[in-house]
Each structure stands twice: as C-alpha cells, then as structure tokens.
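Presented below is the structure to which this report refers.
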Amino acid sequence: MYGKYNILGYQAIRLLGYWLLVIIMISCRGEEVVVPSEYVALPISPRQESSFAPNEPIGMYLLNEGNMGSNKATIDYIDFSNGYYIRNIYGERNPNVIKELGDVGNDIQIYGNRLYAVINCSHKVEVMDARTCRRIGQVDIPNCRYICFHEGKAYVSSYVGPVSIDPNAQLGAIFEIDTATLQITRKVTVGYQPEELVINGEYLYVVNSGGYRAPNYDSTMSLVSLKDFRQVQKIPVCLNPHRMRQDQYSRLWITSRGDYKDVQPILTCFSLISKEILPMAKAPTVSEMVICGDSMYFYGTHWSEQTMSNQITYGIFDIRKQTLVSEHFITDGTEQEIKIPYGIQVNPYNGDIYVTDAKNYVSSGQLHCYSREGKRKWSVRTGDIPAHMCFVYR
C-alpha cells in the first residue's frame with residue numbers, strides 16, 4: 001500500500017513539474033509555448049569534427065520560409081558530424097525571443113562566425129552565432145530580400161515599400177550594414193523590387209524584378225559603386241529577373257521568370273568584363289541553380305497552359321561549353337515524388353545534391369539528399385516551405 005501511494009505521489013510531482021515547465025516557457029514567450037527541437041537520426045556515419053577536411057562542411061542550415069502571414073519561418077540544421085537532422089533549432093536555442101524567427105524567411109548566409117537570416121515580412125535581418133544558432137541581434141530593414149558580404153560589410157536588397165502589388169510601387173534600395181556593430185551605414189536607391197545581388201571588385205550588381213508592378217515588370221540590373229555607394233548604371237538584362245550566380249570566368253548567370261504568360265523564362269549570361277549580355281545558342285529553363293566548377297545544377301519549373309500543370313526538369317548545364325549535360329540529375333525515378341521543388345544546394349566536397357519540396361505551401365515540406373550519381377540517399381521532413389540552404393565549416 002505504501003508503495004502504491006509513493007508511486008502516485010511521484011507521478012503527481014512529475015505532473016506538477018511538467019506544468020511548472022510549461023508555465024515558465026509561456027512566460028518567456030509572452031504566452032507562446034516554446035516548441036522543442038526534434039532530432040531525427042540520418043543514415044550518416046558519426047565522425048569526429050576534427051576529421052573533417054578544411055573544405056568539407058560539418059553542417060548545413062535550412063531556412064523554411066513559412067507561409068506569408070503565418071509567422072512560421074524556422075531554421076533546421078543537419079549535423080554531419082553526429083548524423084542528425086534537427087528541426088526548429090532557432091526556437092529552442094532562443095526561448096526568450098517573442099514570435100520566434102518571424103514571417104517569411106527569404107535568405108540565409110554565413111559570414112565569418114555569424115549566421116544571417118533575411119526575414120522578409122518581419123522587415124529584419126536576424127543575426128546569430130553560426131555554431132550555436134543563438135541570437136546576437138537584428139537589423140531592421142523594410143521588405144528585405146537577399147544578402148551578400150564584402151570586406152566587413154553586409155549588403156541587403158530591399159523592396160522598401162509595403163508588401164503589396166501596386167503599379168505605382170516605389171523604387172527599391174540596397175542597405176549597407178557594418179557587420180561589427182550591426183548598424184546601417186549607407187543606402188542607395190536602385191530599380192524596382194531588387195532581388196539577388198553579387199559583388200565583383202569595386203561594384204555591386206543587383207537584378208531588379210519589378211514584381212510588385214506586374215504586368216509592367218522591370219528588366220534591368222543596377223550597377224552600384226561601392227566607393228561612393230551610388231547607382232552608376234542600369235543595364236537591360238531580361239524580364240522579371242530573380243536569381244544570380246557568379247562563375248569562375250567573370251560572368252553572371254541570371255534567371256528570368258518571364259511574365260507567367262507570353263514571355264517565357266530564360267537563362268541569361270552577362271560578362272563582367274565587357275558589361276554586356278553574351279549570346280547563347282540554347283539555354284534551359286532555370287528557376288534555381290548552384291554552380292560547382294563548370295557544372296550548373298538546376299531545377300526548372302514552368303507552367304504549361306496546354307497540360308495545365310508544371311513542367312519540371314532537374315538538369316546539369318556545362319557553363320564553359322554552354323551545353324546541356326543532362327535534364328535528369330535525379331536518375332532513380334524518385335523525382336516523381338517531389339511535388340514542388342523549392343530549393344537546391346550541392347555539397348562541394350562530396351557532390352551530394354540537396355533538393356527541397358514545398359509540397360502544398362502550407363504544411364511541412366521535405367528535404368531529399370541525392371548522391372552525385374543521382375540516387376536518393378535519404379529524405380526527411382522539414383518545416384513549412386523549405387527553401388534556402390548554407391553550409392557550416394569548422
């Protein structure tokens with residue numbers, strides 16, 4: 001009898017402790033409960049971090065956008081050393097941050113020992129420790145989009161105006177941030193709704209989509225002098241440009257989304273030397289891309305009015321020869337299980353290819369890992385709308 005009451009008393013104490021923990025978490029979050037991280041074992045052999053080569057990633061962050069207005073942007077992490085996929089690492093590491101990461105994660109990058117996440121509709125750049133994901137601070141930037149770095153400064157593209165379709169939407173801007181103090185130091189006005197940006201030498205290049213002014217899209221790239229931080233030139237490139245990557249041959253590769261109707265998406269090549277568009281015999285439809293050496297890994301999603309469905313390709317393009325190597329870097333047929341490809345990354349050390357699937361845009365997505373031969377190695381559930389990835393090195 002004594003043992004029975006002792007067990008009941010112990011259970012009561014455990015239950016009381018549980019509710020005390022819940023109350024503490026609620027008070028820390030302003031009546032929001034901290035959702036603990038979930039650890040999922042992956043088929044990756046555990047290794048000592050010291051055994052990783054200098055150019056071999058020890059981990060990878062994945063930024064889940066979250067549906068607009070839902071305040072569900074989250075960060076996941078792959079621990080290559082211990083073989084774990086960790087869901088919602090930001091929430092657990094930062095229990096005192098009200099509303100967690102924010103609304104719509106749009107870009108994630110590492111510079112030095114800090115991790116930067118651009119949170120579009122929360123109008124901020126969140127700054128964290130790259131190894132722990134613990135929050136250092138934030139920089140408030142209206143309708144921010146993408147980020148790049150150069151000589152101790154961060155550069156962020158911004159739509160500037162409110163989040164809405166408006167034929168009279170204002171010009172966008174680039175904000176310069178001192179990465180040591182997290183203070184905005186300069187700002188320059190560029191084209192309409194600027195997107196991805198690249199720095200080469202003394203200049204910053206940013207493509208202007210004009211997406212808020214549809215159907216009157218922008219079709220230019222702004223050239224900004226870093227010395228005096230002014231727009232020195234606007235160069236016609238392609239309609240509604242979005243993605244931009246720099247290769248080892250002093251060229252920029254730019255994707256166009258077209259007008260979703262009559263003008264088809266195209267891939268454009270721009271010379272940083274002659275400052276002009278280079279002719280291409282035939283280019284694939286590219287929505288997102290990663291360049292590794294001479295190979296551009298990409299996926300292309302194009303809506304067909306004939307089939308009333310998306311036409312999707314997963315290809316490899318040789319940027320030196322400007323030829324399509326393959327339209328099927330996934331070779332085991334599992335691409336049929338991907339509903340909406342939404343992000344791509346390639347491990348430069350072992351050639352693993354990562355493709356995210358946004359599914360229905362309102363619930364959990366998936367991350368798929370493929371070998372360089374195109375065979376699926378594993379898949380894992382992510383947060384909502386998994387999109388942007390960056391590697392961590394030791």
Donor-acceptor side-chain pairing of Thr331 and Tyr370 below 3.5 angstrom: no

Non-hydrogen side-chain atoms of Ile141 and Ile177 separated by less than 4.5 Å: yes

Side chain proximity check, Lys275 to Leu223, heavy atoms < 4.5 angstrom: yes

Salt bridge flag under 4.0 Å for residues [X] and [Y]:
X      : Y      : answer
Glu196 : Arg243 : yes
Arg245 : Glu288 : yes
Arg114 : Asp129 : no
Glu100 : Arg135 : no
Glu49  : Arg131 : yes
Glu202 : Lys227 : no
Lys359 : Asp357 : yes

Audit row: Arg47, Glu56, salt bridge (charged side-chain N to carboxylate O under 4.0 Å, His left out) steps and yes/no: CA-CA 12 Å; Arg47 296 165 53 191; Glu56 182 180 8; 2.7 Å; yes

Heavy-atom neighbours of Lys339 NZ exceed 12 at 6.0 Å: no

Arg394 NZ/CZ over Phe52 ring centroid, <6.0 Å and within 45° of normal: no

Hydrophobic cluster membership, [X] vs [Y], 4.5 Å side-chain cutoff:
X      : Y      : answer
Tyr249 : Met221 : no
Leu63  : Met128 : yes
Val380 : Ile44  : yes

Parallel, tilted or perpendicular: ring planes of Phe229 versus Tyr155, cut at 30 and 60 degrees: tilted

Whether Tyr314 and Phe329 hold their rings parallel, tilted or perpendicular, with breakpoints at 30° and 60°: perpendicular

Aromatic ring proximity Tyr212/Tyr192, centre distance under 6.0 Å: no

Pair Asp140-Lys124, salt bridge (charged side-chain N to carboxylate O under 4.0 Å, His left out): steps then yes or no: CA-CA 4 Å; Asp140 297 325; Lys124 66 172 181 175; over 6 Å; no

